[in-house]
Amino acid sequence: MSTQNNGIRAKVQKFGSNLSGMVMPNIGAFIAWGLITALFIPDGWIPNENMASLVDPMIKYLLPLLIGFTGGRIVYDIRGGVVGATATMGVIVGADQPMFLGAMIMGPLAGYLMKKIDDLFQAKIRQGFEMLYNNFSAGILAAILAMIAVAGIGPLVSGLTNALAKGVEAIVNAGLLPLTSIILEPAKTLFLNNAINHGILTPLGTEQSLETGKSILFLLEANPGPGLGILLAFAFFGKGVSKASAPGAAIIQFLGGIHEIYFPYILMKPTLIIAAIFGGMSGIFTLQLFDAGLRAAASPGSIFAVIAMTPGNLNSYIGVILSVLIAAAVSFAIASFILKTSKGGEEDLTASTEKMEAMKGKKSSVSSSLTGDKEADNGETPVKETAEVNKIIFACDAGMGSSAMGASLLKNKFKKSGIDIDVTNKAINEIPEDADIIITQKTLTDRAKAKRPDAEHISVDNFLNSPRYDELVERLKD
């Protein structure tokens, strides 16, 4: 049953990763649009009619085309990206609103169809006619998809987008938006945070921001308050490794915006999800009370990014800042109560797990997640010899946050030990074929193995605090 659940979770994570993978690489463009909007529209910080003329074309054409290109590229590299962007142009023309959802459909669909057509015909093309086939097959498919999108898919997706927008509006008007934390916070701790924020909330929030100048949706997942409160509770009332590591984690989470860093703390004591839920609910309620939101996506979810994307009026600043502070205070209070009243601490949990393993006579499959001890390799992947290791990849869902910190940590260890091996971070969907060792968090390891089964896979609980790094350093030194 556990294996089945892991398979389902891996599939959900993969789907969510594909959604967020179309938006995450383009967040810079979303932020550029948000800054231009905040600066130059009539009620912006420095109104300028000429500069403000960028706002409409960027949201209607640039952002959907980037999403469509990225979606096609994920499925079938640059060739799929070009066809995906062209097909996306069809839904843009066929609708009267920004087509983020349309781009998320047409981009991957175009890449998939291009791949299937190439599988059928590419091997049959005579030598010397490859370029002719490549250019015309892509051009013909792109033209057909663009025309279909204008005639049918654009209006269909436009209707679906309107329905979703009205659904969100109804939830907001009914005062039920805080209840979304019951779904959002548990989903985040399963490493679906990027999928939710960038795959769903950012596109919907951007369209809402175009109409009203701000959107509360940008802060449903990105609010750093709930995570900060939980980490501060560990800093004051935790024990052992969790207490020692929590202050540094709080700085990275709140200032750096890397929310993944507090997820292992919740996974270590699952009842803390209650603190995250009520912290998130209180933050959303505060935003509703002040009718506050952000102009564009705050990515990463740092307090600096949140403030930078806040509309330039006093009411918005008060509402946004209070939403973060109140969310942190509520999650801190509840997490502190849970940590102080729960039976046994981290040390007791470690001892009981070791005792359980002694009674069973074998290593428990979940012991590492309980004890924070060495994460055991399950032996399903090859162990590379030192001479075979030229590239080590840290992979996470988006390839930007927690994996970047883990890669930086291992680079420093290698540098001190005189090990000259390339270490970098990537999204799971973009793990290169020449990766020799792939390091992932435990919940993502199955997906990484499916992507590169021939590599050595190392599974860790926490990118910032794993004994596997020192083991790897010693192994590669020898």
Side-chain angles (χ1 to χ4, degrees), residues 13 17 20-21 24-25 27-28 74 191 193-194 241 245 248-249 251-253 255-264 299-300 302 368 372-478:
Q13 286 177 334
S17 177
S20 63
M24 279 288 288
I27 283 296
I74 288 172
F191 298 92
N193 53 312
N194 290 320
V241 174
S245 61
I251 292 173
I252 293 170
Q253 189 265 349
L255 302 182
I258 310 301
H259 290 206
E260 290 96 332
I261 199 169
Y262 78 86
F263 300 164
S299 181
S302 159
S368 60
D373 208 341
K374 291 183 181 180
E375 297 96 345
D377 191 355
N378 59 17
E380 292 181 2
T381 60
V383 175
K384 301 283 186 179
E385 297 293 335
T386 302
E388 298 178 288
V389 180
N390 297 304
K391 180 175 288 188
I392 297 175
I393 299 295
F394 278 73
C396 69
D397 195 43
M400 295 183 182
S402 53
S403 61
M405 294 188 295
S408 177
L409 186 63
L410 188 61
K411 281 180 185 176
N412 289 334
K413 289 181 178 289
F414 277 7
K415 185 176 181 181
K416 291 177 183 177
S417 300
I419 299 173
D420 184 20
I421 293 176
D422 182 32
V423 180
T424 188
N425 55 290
K426 293 284 184 181
I428 281 187
N429 288 334
E430 298 179 0
I431 297 175
E433 294 183 1
D434 60 346
D436 300 304
I437 297 177
I438 300 170
I439 302 175
T440 51
Q441 285 170 318
K442 293 181 69 175
T443 56
L444 301 175
T445 303
D446 288 342
R447 287 175 55 201
K449 288 178 180 177
K451 189 75 175 176
R452 293 287 178 264
D454 55 332
E456 177 184 347
H457 290 265
I458 295 178
S459 180
V460 301
D461 287 321
N462 188 340
F463 275 139
L464 289 185
N465 183 30
S466 175
R468 299 299 295 275
Y469 299 158
D470 292 327
E471 291 177 12
L472 187 59
V473 168
E474 290 302 314
R475 192 181 104 199
L476 296 178
K477 277 171 61 178
D478 296 338

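Side-chain atoms are counted along with the backbone in the values below, which use heavy atoms only and exclude waters and symmetry mates. Positions are given from 1 along the sequence.
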Which is it for I393 and T424 under the side chain to side chain contact (heavy atoms under 4.5 Å, CB included) test, yes or no, and what are the steps along the way?
CA-CA 5 Å; I393 299 295; T424 188; 3.2 Å; yes
Should I421 and I437 count as side-chain neighbours, where that means a heavy-atom distance under 4.5 Å?
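Side-chain contact under 4.5 Å: no.
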Residues that K415 engages under salt bridge (Lys or Arg N to Asp or Glu O under 4.0 Å), provided they are two or more places apart
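Per chain and number, K415 pairs via salt bridge (Lys or Arg N to Asp or Glu O under 4.0 Å) with no residue.
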Which residues share a salt bridge (Lys or Arg N to Asp or Glu O under 4.0 Å) with D422, sequence neighbours left out
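D422: no salt bridge (Lys or Arg N to Asp or Glu O under 4.0 Å) contacts found.
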Shortest non-hydrogen contact between [X] and [Y], atoms and distance:
| X | Y | result |
| --- | --- | --- |
| I431 | R452 | O-NH2, 2.8 Å |
| S302 | G256 | CB-C, 3.8 Å |
| S459 | R468 | O-NH1, 3.9 Å |

Sequence neighbours left out, what passes side-chain contact (heavy atoms from CB on, under 4.5 Å) with D470? Give chain and number order.
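Partners of D470 under the side-chain contact (heavy atoms from CB on, under 4.5 Å) test: K413.
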Mind checking what makes side-chain contact (heavy atoms from CB on, under 4.5 Å) contact with S417, not counting sequence neighbours?
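Per chain and number, S417 pairs via side-chain contact (heavy atoms from CB on, under 4.5 Å) with I419, V473, K477.
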Non-neighbouring partners of N412 that pass side chain to side chain donor-acceptor pair (under 3.5 Å), sequence neighbours left out
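With sequence neighbours excluded, N412 shows a side chain to side chain donor-acceptor pair (under 3.5 Å) to no residue whatsoever.
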Hey, mind stepping through I392 and I458 against side chain to side chain contact (heavy atoms under 4.5 Å, CB included) and telling me if it holds?
CA-CA 10 Å; I392 297 175; I458 295 178; over 6 Å; no
Between N425 (side chain) and F394 (backbone), is there a donor-acceptor pair under 3.5 Å?
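Looks like no, no N/O pair under 3.5 Å.
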Could you grab the distance from atom OG1 of T445 to atom CZ of R447, nearest 0.5 Å is fine?
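Rounded to the nearest 0.5 Å, the OG1-CZ separation comes out at 10.5 Å.
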